[in-house]
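Note sheet for the following structure.
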Amino acid sequence: MGKFIYVVLLMFVSAYQGDSELNPKVTRSFTIDYKNDQFLKDGKPFRYISGSIHYFRTLPSEWRDRLRKLRMAGFNAVQTYVEWASHEPEPDLYDFSGILDMEAFIRIAHEEDLLVILRPGPYIDAERDMGGLPYWLLRKNKDMRLRTSDPTYLEEVEDWFTNILFPKIKPLLYEYGGPIIMMQVENEYGSYPACDYAYTAYLRDLYYREFGHSVVLFTTDGDSTSFLKCGKIQEVFSTIDFGPGGNISKIFKSMRLFQPHGPLVNSEYYPGWLDHWGQPHSIIGYQEVAKSFEEMLQLNASVNMYMFHGGTSFGFTAGSNSGSEFLVCPTSYDYDAPLSEAGDPTEKYWVLRNITQKFLPIPAGTVPPPSPKYKYGDVNLSVLGSVLQLRFLLQSVHATWPLTFEELFVPNGLVLYETTITFRTSDPARLTISDIHDRGYVFVDERFVGMVSREAEMYDLALQSLPNQTLSIIVESQGRVCFGEGINDFKGLTTRPTLSDYELRNWSMTPIPVTNITRLLSALHNLEKILKQRKVRPEQLRGTERGGMSFYKGTFEIPSISSHPRDTFLKLKGWSKGIAWVNDFCLGRYWPEVGPQVTLYVPRGILKHGTNSILILEQEASPCQIPSQCIVSLEESPNINGPTPKTDI
Ligand SMILES: *[C@@H]1O[C@H](CO)[C@@H](O)[C@H](O)[C@H]1NC(C)=O
Ligand SMILES: *[C@@H]1O[C@H](CO)[C@@H](O)[C@H](O)[C@H]1NC(C)=O
Ligand SMILES: *[C@@H]1O[C@H](CO)[C@@H](O)[C@H](O)[C@H]1NC(C)=O
Ligand SMILES: *[C@@H]1O[C@H](CO)[C@@H](O)[C@H](O)[C@H]1NC(C)=O
Ligand SMILES: *[C@@H]1O[C@H](CO)[C@@H](O)[C@H](O)[C@H]1NC(C)=O
Ligand SMILES: *[C@@H]1O[C@H](CO)[C@@H](O)[C@H](O)[C@H]1NC(C)=O
Ligand SMILES: *[C@@H]1O[C@H](CO)[C@@H](O)[C@H](O)[C@H]1NC(C)=O
């Protein structure tokens, strides 16, 4: 079936291109008919019902399935961001492979009969680390004014856009036979305090210069005049975003103040909402979602549902929010969307599909079934060694004052900061690490003595120390701020720590290579060898008494039956907070102790027949003091709605 559609579409596309060459009257066009408040596709009135699916949040093996489920709900377009940070992890180092093969995703969408609405940013928010901007911008210029016409910023944007990204996009535009009908300039710029009109005009001109004036550009802003004031760009089509519940015609009126004519568009209609660690899981009832959805469609609006399928912020890609509080986004990006994190249709899916079909035809065929799940059961783990033991096998950098992650070329994860206490302190002594980014685990002579935390706004610690003792602070980045003023979010020790009011000097900094699995595995392999030679007992391998700051590993078997491997969910009962890998693929951070996410989605695409491996870096406490309890389990169903501290009190 899939292959058949693919072939037919290819024939159609190539026949089509042939036609347009021979017959200039047959041109593909997508335009805005301002006079009649509508889009025109090939000259005919058109409206879209679109859904957001981010290619970088779903494994490529599942793209076709998710896109087909979108199409089979009657939706005729998919909207996705492009994430600069993932495509250019270090300056001039590019990655468009695997989960980052944006062009393949767009081609599959085309094959599945979907149009594409592209949001190249450069800033995207999307609850991603630094809102999708590359962390190394902060190294190039530590005072860089991101998202403004600061020349040091524009230089990087222009290089990325015009030399790398735009040439990939161009052949995929609608007018050249591809599926991309519109492209967004920046993202919710009206919510960013800089309000730099020169910047947004610059971006607009970059698009028009590269793609010509026939391309449809748009902006997206919150649904009030205060947002549109700085978000609106002259000669760019304005759209707004809002969730269910309000008075739809009234909401669209705020947009009409800035754009009296043109089709009505909600570019982010929220069927659910994002989560933060430690706060209850967001749930929005389908009745409410369905009601406003239908009201918008009755007004002839075009709508994009954000998210239609949220997926997962694998690895270290999840961001954080800062405002009155520092709040961290979890690994799951389920979003209470019509398709679950694992891509399964929910009740919301069927309800919305029923509404869509009143306005657009549903293609013939059946909705692909949910993916089969499997309970692979308990997996025994054993401790491998501690972070402090590993440091002797890693390279360190020395400096008088602490360097940030950015200066150390560390995109994310953990850095060990160490110094020798050279003076006699009071008893206890106050250690102050003001504004730590984000979570510090403090050790004196390798003994864990407590923590400092940006989330908890606790920056002081009482400790006892003697001259010549080593002070070690393992600092965790919990993801860079993705929204608002705080996006210049340097990680690590961003200020000078003091002990008894003396500024501590002469730091040794050791990045723990959790973001580079090749380097991590090689270091762990060497560590294991050395510890084995020295016949170190298991209890000496723990980084803390409770088993924190230690690596654990184990394996499980998947029988060689054709229907396996299947999707499964990693449950870490009795574990506290850390990072999990399966078959060297970083699933992301886990933190069942604060919730609401309790299990991590393990997509079948990373599993294999035979022996599969699990690697855990537990930062705080493992259940392994009792060896029979040193287990994790692979479950048949997810739990992303667990108890959280704030609701339990
Ligand atoms: C919604 O707003 C419109 C225009 O502002 C108004 O005429 C209408 O009465 C409102 N509807 C409801 C249900 O409040
Ligand atoms: C929606 O479009 C149809 C067809 O063009 C038109 O008859 C109808 O009046 C429009 N409805 C609204 C609310 O604009
Ligand atoms: C969708 O519509 C069909 C036909 O009207 C109805 O039988 C079904 O219950 C509806 N499904 C949902 C989930 O509302
Ligand atoms: C600290 O260590 C140095 C060098 O090892 C030694 O000379 C010095 O006496 C030690 N100081 C204290 C207070 O132990
Ligand atoms: C820092 O290191 C330098 C050079 O190794 C040394 O001269 C200095 O005394 C040290 N300062 C402190 C406070 O340890
Ligand atoms: C990861 O480490 C390996 C080995 O040191 C290196 O070759 C590779 O470039 C690194 N990858 C990234 C993305 O930094
Ligand atoms: C896990 O370890 C327990 C002993 O703690 C043992 O009984 C069990 O067979 C082990 N399971 C596997 C799958 O190896």
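Keep in mind the model is a prediction, meaning the values are calculated, not measured. Just so you know, ligand 1 is whichever comes first in the structure, and atom 1 is the first atom listed for that ligand.
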*Reported CZ-to-CE distance for the pair Phe227 and Met255, which is rounded to 0.5 angstrom*: 15.5 Å
*Is a salt bridge present between Lys375 and Glu635, judged by a nitrogen-to-oxygen distance below 4.0 Å?*
yes
*Can a protein heavy atom be found under 4.0 Å away from atom 14 (O) of ligand 2?*
yes
_Nitrogen or oxygen of Asn354 less than 3.5 angstrom from that of ligand 3_ = yes
*asked:* Regarding Lys608 and Glu557, does a basic nitrogen lie under 4.0 Å from an acidic carboxylate oxygen?
replied: no
*Pair Tyr376-His564, side-chain donor/acceptor within less than 3.5 Å*: yes
*Indicate whether the side chain of Arg604 and that of Ser371 have a donor and an acceptor atom separated by less than 3.5 Å.*
no
*Non-hydrogen protein atom less than 4.0 angstrom from atom 7 (O) of ligand 3*: no
*Might you check, step by step, whether the distance between atom 4 (C) of ligand 3 and some protein heavy atom is under 4.0 Å?*
no
*In terms of residue, atom name and distance, what is the protein heavy atom nearest to atom 1 (C) of ligand 2?*
Asn300 ND2, 1.4 Å
_Donor-acceptor pair between Glu593 and Ser576 side chains, under 3.5 angstrom_ = yes
*asked:* Please list, in number order, the atoms of ligand 3 under 4.0 Å from a heavy atom of Val351.
replied: 13 (C)
*Please work out which of Ile626, Asn380, Asp378 has its closest non-hydrogen atom nearest to atom 11 (N) of ligand 7.*
Asn380
